[in-house]
Number of protein chains: 2
Amino acid sequence: MSHEPDRSAVLDELRAVFGADEVLAGDASPRHLKDWSTASGGTPLAILRPRSTDGLARMLAICNAHGQAVVPQGGLTGLVGGAVPGEGQVVVSLERMNAIEEIDLGSGTVTVQAGAPLQAVQEACHEAGALLAIDLGARGSCQIGGNVSTNAGGNRVIRYGNTRDSVLGLEAVLADGTVLPMMNRMVKNNAGVDLKHLFIGSEGVLGIVTRIVLKLHPLPRGTSTALVALADFDAALSFLRHAQQSLSGQVSAFEIMWREYLDVAVATNRLRRPFAADYPVYVLTDMHCGQPETDARRFETMLEQAIEAGWVLDAAVAQSMADAEALWAIRDGIAEVLREQAPTLNFDVSVPVGRIGECVARMRANLERGWPQLQALFFGHVGDGNVHVVVCKVPQDADSLHAIEEAVYGVMRDYGGSVSAEHGIGVLKRDWLAYSRTPAEIALMRTLKAALDPRGILNPGKML
Amino acid sequence: MSHEPDRSAVLDELRAVFGADEVLAGDASPRHLKDWSTASGGTPLAILRPRSTDGLARMLAICNAHGQAVVPQGGLTGLVGGAVPGEGQVVVSLERMNAIEEIDLGSGTVTVQAGAPLQAVQEACHEAGALLAIDLGARGSCQIGGNVSTNAGGNRVIRYGNTRDSVLGLEAVLADGTVLPMMNRMVKNNAGVDLKHLFIGSEGVLGIVTRIVLKLHPLPRGTSTALVALADFDAALSFLRHAQQSLSGQVSAFEIMWREYLDVAVATNRLRRPFAADYPVYVLTDMHCGQPETDARRFETMLEQAIEAGWVLDAAVAQSMADAEALWAIRDGIAEVLREQAPTLNFDVSVPVGRIGECVARMRANLERGWPQLQALFFGHVGDGNVHVVVCKVPQDADSLHAIEEAVYGVMRDYGGSVSAEHGIGVLKRDWLAYSRTPAEIALMRTLKAALDPRGILNPGKML
């Protein structure tokens with residue numbers, strides 16, 4: 001915007017319409033100033049907590065009339081600063097719009113308000129007898145609306161897809177307060193442009209998601225889990241394709257960990273080492289199933305064939321829930337690793353699956369050449385092309401940070417990869433967007449932004 | 001457009017740049033004037049057959065400068081007139097851009113030009129050892145670009161999703177000739193707005209798709225197939241949820257047929273009746289699998305439990321490929337039914353799965369009340385909420401046709417359904433779009449259209 005809004009007029013209008021509990025002072029609640037990333041912002045003009053879509057629409061209409069910037073917030077568990085407010089912006093928190101409106105098992109859908117916490121929705125669906133497939137580490141705090149706005153990924157994408165794939169319909173409010181009630185409940189609907197995709201993964205810059213219809217899956221009757229050891233990435237890739245074919249798409253997680261990651265995660269979390277020997281690469285895989293006894297045999301047959309073929313060198317198969325949890329503790333130990341190794345620089349890139357091996361080797365070589373004193377850990381959701389890189393105890397000067405980012409993102413770019421597989425762009429990755437998108441694509445994003453939010457009030461400075 | 005383009009100037013410019021084999025006269029090829037529907041159009045100004053994305057981009061730039069309307073064409077198997085040209089419009093056929101550029105088994109992707117016929121791509125992938133999951137009756141003629149532009153459905157959606165779910169990336173050309181090279185090859189990519197969704201299912205009104213990266217699935221090692229008989233829709237719904245849970249998402253087709261459909265299909269195609277008795281509802285289901293012997297037992301266990309529970313009254317399980325083909329012949333017999341019962345009025349609606357039973361009952365009652373002499377057949381892809389209705393030997397006067405449409409679409413609208421589950425809107429369903437979309441949604445579609453195609457040259461009169 002070329003001129004500043006009249007902030008006191010904005011506040012007066014909001015307070016004339018809404019009660020004190022819906023319009024908090026900008027400094028009333030410190031938790032609304034930060035997400036889980038290192039991004040820092042400013043003090044907002046106000047923190048709005050609408051109770052309904054109509055209320056939110058009216059708030060946006062007021063802000064839009066003044067050209068007042070608005071920052072939508074979910075559970076504030078983002079890792080790129082996408083929901084962190086700038087000085088004088090208005091925060092809109094969806095936390096009070098948290099109803100689970102309907103679980104319809106016949107149609108396989110759950111209808112929720114955007115502010116419902118992910119875990120609460122998961123548990124309600126589980127209790128009703130169905131699986132909400134969206135799942136990620138932040139489940140206790142993150143909100144469904146944030147999951148949708150960032151197209152959240154997680155550990156189950158290989159089987160159930162990204163958040164986008166669970167969204168059948170949604171309601172969104174445009175910058176000017178227009179409500180789009182697109183609460184489709186069908187898997188198939190080709191009646192015109194499928195507008196919901198504008199609001200999934202676009203980090204609140206095109207509209208604010210207020211209600212969502214999510215697809216439900218059958219509740220698994222059991223899970224088979226194994227950690228396997230392999231000689232290199234090529235073996236992991238062969239194992240992946242074999243498992244996918246043998247289990248016919250039922251592979252429900254396929255997490256790769258290179259040796260350094262496993263070593264650090266085991267030591268940091270004081271876990272038992274899973275194998276007597278060391279191996280270059282490990283894969284944690286599991287399968288949700290419907291006929292547990294028969295399916296456990298299918299899982300073991302799949303593993304035996306992978307061992308016979310020479311792809312898998314050793315395997316630890318969980319015989320109990322406790323076994324499975326012990327294996328997952330290695331992968332989930334990342335949280336404690338990040339604390340112990342702080343300050344870290346964390347990457348969330350993706351490249352075509354078949355190129356991950358050489359891509360990781362080149363990233364590793366770049367880092368070892370430039371920063372031989374730093375340790376880098378590699379792991380990720382390999383079936384989706386998603387690699388996480390954690391560079392430990394990094395120097396905090398801007399030049400070093402930028403050079404390390406260049407060492408990783410430059411390789412990613414050579415493979416036509418993505419600078420953000422699942423975390424989004426926000427503010428922290430904005431400068432690197434052009435490594436994954438061409439000028440024509442970024443221009444089209446700006447065209448959409450201008451068409452849907454001509455005054456540019458929605459989450460300005462994020463993504464674009 | 002408020003004024004007509006200078007058509008002779010358009011032709012002159014096109015002919016100055018492109019050879020005679022790339023710029024055909026508008027009446028040179030009658031097959032470019034029609035699709036598989038009843039929609040009729042006019043004689044185009046020219047039929048363009050670009051050899052490359054750059055050529056197509058240059059053609060569009062010329063047309064856009066003159067405000068010349070352009071109609072993109074794939075294999076012309078559409079059922080709603082979406083690719084039928086109006087008088088004086090320019091046809092752009094993608095038929096020469098038909099290369100299968102790369103099959104990458106490691107990354108699980110196939111890269112194709114838009115004009116590649118679906119079946120050719122399916123066969124190439126199968127030969128390489130992977131499954132392209134997009135499949136529909138028109139496979140021999142339809143083109144991948146058309147499948148993408150219409151978000152084609154088919155019989156495998158319950159397991160593998162719509163065409164949209166198989167598209168990882170695409171290249172599209174905007175009305176002004178801008179090329180968007182968005183050939184993403186990863187399942188996870190959250191680097192900015194996911195622009196590809198603008199061009200999937202939008203029937204060519206926002207841009208022309210020229211190249212596509214499709215996701216591949218593991219090749220099934222076997223298929224289990226059964227036709228079952230049930231007492232009513234509620235039993236079919238219980239059976240669906242049971243099969244989904246027991247086979248853990250591996251159900252690969254779930255086609256419902258109400259009695260009249262099966263009777264007519266069997267008689268018309270001179271097939272053997274599958275059961276000694278008659279039943280109100282039938283379901284044809286199958287499962288793609290990876291360990292055929294074990295998986296066949298799982299499939300039978302699932303069926304036995306459904307019989308014990310009382311949902312399934314009788315079942316015919318295929319013991320051979322020939323058996324499976326005989327069962328599928330009943331469902332695939334629709335083609336011959338449509339010929340025999342012509343002229344028919346065909347519906348392709350969707351409603352929430354759990355409401356299909358009452359929805360069909362109400363549609364049936366409406367039709368029997370208004371047109372007791374007409375026969376109506378009901379069948380569809382029930383797992384996706386998709387119901388096809390065929391009204392046989394319909395009177396051809398506009399009033400009757402409109403009244404019959406109202407009798408079906410009015411019910412669909414009451415359930416928040418879609419006027420087009422998989423066929424798109426084109427021209428034939430344009431007048432009914434508002435039964436499935438609110439004015440705010442249609443206004444946003446127009447906003448997008450104005451932003452991406454300000455002169456309105458792309459497929460004017462279609463969808464909107």
Side-chain angles (χ1 to χ4, degrees), chain A residues 104 106-108 151 153 157 162 178 180-182 185-195 197 201-202 217-218 237 244-250 288-291 294 298 301 350 352-354 384-386 416 418-422 424-425 433 436-438 440-441 444-445 447-448 451 463, chain B residues 104 106-108 151 153 157 162 178 180-182 185-195 197 201-202 217-218 237 244-250 288-291 294 298 301 350 352-354 384-386 416 418-422 424-425 433 436-438 440-441 444-445 447-448 451 463:
Chain A
D104 178 347
S107 297
N151 186 30
V157 173
N162 295 290
T178 301
L180 294 163
M182 312 181 292
R185 294 166 63 188
M186 290 81 68
V187 168
K188 279 183 173 172
N189 184 348
N190 280 342
V193 181
D194 196 347
L195 300 168
H197 294 288
S202 55
H217 292 267
L237 193 57
Q244 291 275 56
Q245 184 169 34
S246 179
L247 303 179
S248 196
Q250 269 181 286
H288 285 170
C289 70
Q291 297 183 21
T294 316
R298 291 167 62 224
T301 299
S350 61
V353 177
D384 319 313
N386 188 181
S418 173
V419 68
S420 185
E422 54 182 2
I425 298 298
L433 182 60
S436 292
R437 297 291 194 206
T438 59
E441 291 166 73
L444 181 52
M445 292 182 207
T447 298
L448 291 176
M463 183 191 293
Chain B
D104 178 347
S107 298
N151 185 31
V157 173
N162 293 290
T178 300
L180 294 162
M182 312 183 291
R185 294 166 64 188
M186 290 81 67
V187 168
K188 279 184 174 173
N189 184 348
N190 280 342
V193 182
D194 196 346
L195 300 168
H197 294 287
S202 55
H217 292 266
L237 193 57
Q244 291 276 57
Q245 184 169 34
S246 179
L247 303 179
S248 196
Q250 269 182 286
H288 286 170
C289 69
Q291 297 184 23
T294 316
R298 290 167 62 224
T301 299
S350 60
V353 176
D384 320 313
N386 188 181
S418 173
V419 68
S420 185
E422 54 183 2
I425 298 298
L433 182 60
S436 293
R437 297 291 195 207
T438 59
E441 292 167 71
L444 181 52
M445 292 183 207
T447 298
L448 292 175
M463 183 190 292

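All values below come from the heavy atoms of this structure, side chains included, with hydrogens, waters and symmetry mates left out. Letters A, B, ... mirror the listed sequences (proteins, then strands); counts begin at 1.
B/R437 has its side chain within reach of A/N189: a pair of non-hydrogen atoms, C-beta onward, lies under 4.5 Å apart. A 4.5 Å side-chain heavy-atom check between B/L195 and A/L448 finds at least one atom pair inside the cut-off.
For the pair A/N190 (side chain) and B/N151 (backbone), a donor-acceptor distance under 3.5 Å is present. The closest donor-acceptor contact from the side chain of B/T294 to the backbone of A/R298 lies at 3.5 Å or more, if one exists at all.
Of the atoms belonging to A/N386, it is side-chain heavy atoms, and not backbone ones, that fall under 4.5 Å from chain B. Heavy-atom distances place both the backbone and the side chain of A/V193 under 4.5 Å from chain B. For chain B, the nearby parts of A/I425 are the backbone and the side chain; heavy atoms of each come within less than 4.5 Å. Of the two parts of B/D384, the backbone and the side chain both hold a non-hydrogen atom closer than 4.5 Å to a non-hydrogen atom of chain A. Residue A/E422 touches chain B through both its backbone and its side chain, counting heavy-atom pairs closer than 4.5 Å. With a threshold of 4.5 angstrom between heavy atoms, A/L433 approaches chain B through side-chain atoms but not through N, CA, C or O.
Put simply, of A/Q244, A/M463, A/H217, A/E441, the one with the most heavy-atom pairs under 4.5 Å next to chain B is A/E441. Most heavy-atom pairs under 4.5 Å with chain B: of the set A/H197, A/R185, A/M182, this distinction falls to A/H197. Listed options A/M186, A/K188, A/H288 were ranked by heavy-atom pairs under 4.5 angstrom with chain B; first place goes to A/K188. Per-residue counts of heavy-atom pairs under 4.5 Å with chain B were compared for A/C289, A/G424, A/P352; the largest is that of A/P352. Per-residue counts of heavy-atom pairs under 4.5 Å with chain A were compared for B/G108, B/G153, B/A191, B/P181; the largest is that of B/A191. Taking B/S420, B/S202, B/A440, B/G416 one by one and counting their heavy-atom pairs under 4.5 Å with chain A, the maximum is reached by B/S420. In terms of non-hydrogen atom pairs under 4.5 Å with chain A, the most contact-rich of B/G385, B/A451, B/S350, B/S436 is B/S350. The candidate with the highest count of non-hydrogen atom pairs below 4.5 Å against chain B, out of A/L444, A/T438, A/T447, is A/L444. Of the listed residues A/D194, A/L247, A/D104, the one with more heavy-atom pairs under 4.5 angstrom with chain B than any other is A/D194.
Of all heavy-atom pairs spanning B/S107 and A/V353, the tightest one is OG-N, 3.5 Å. The shortest non-hydrogen separation linking A/S246 to B/Q291 is OG-NE2, 2.8 Å.
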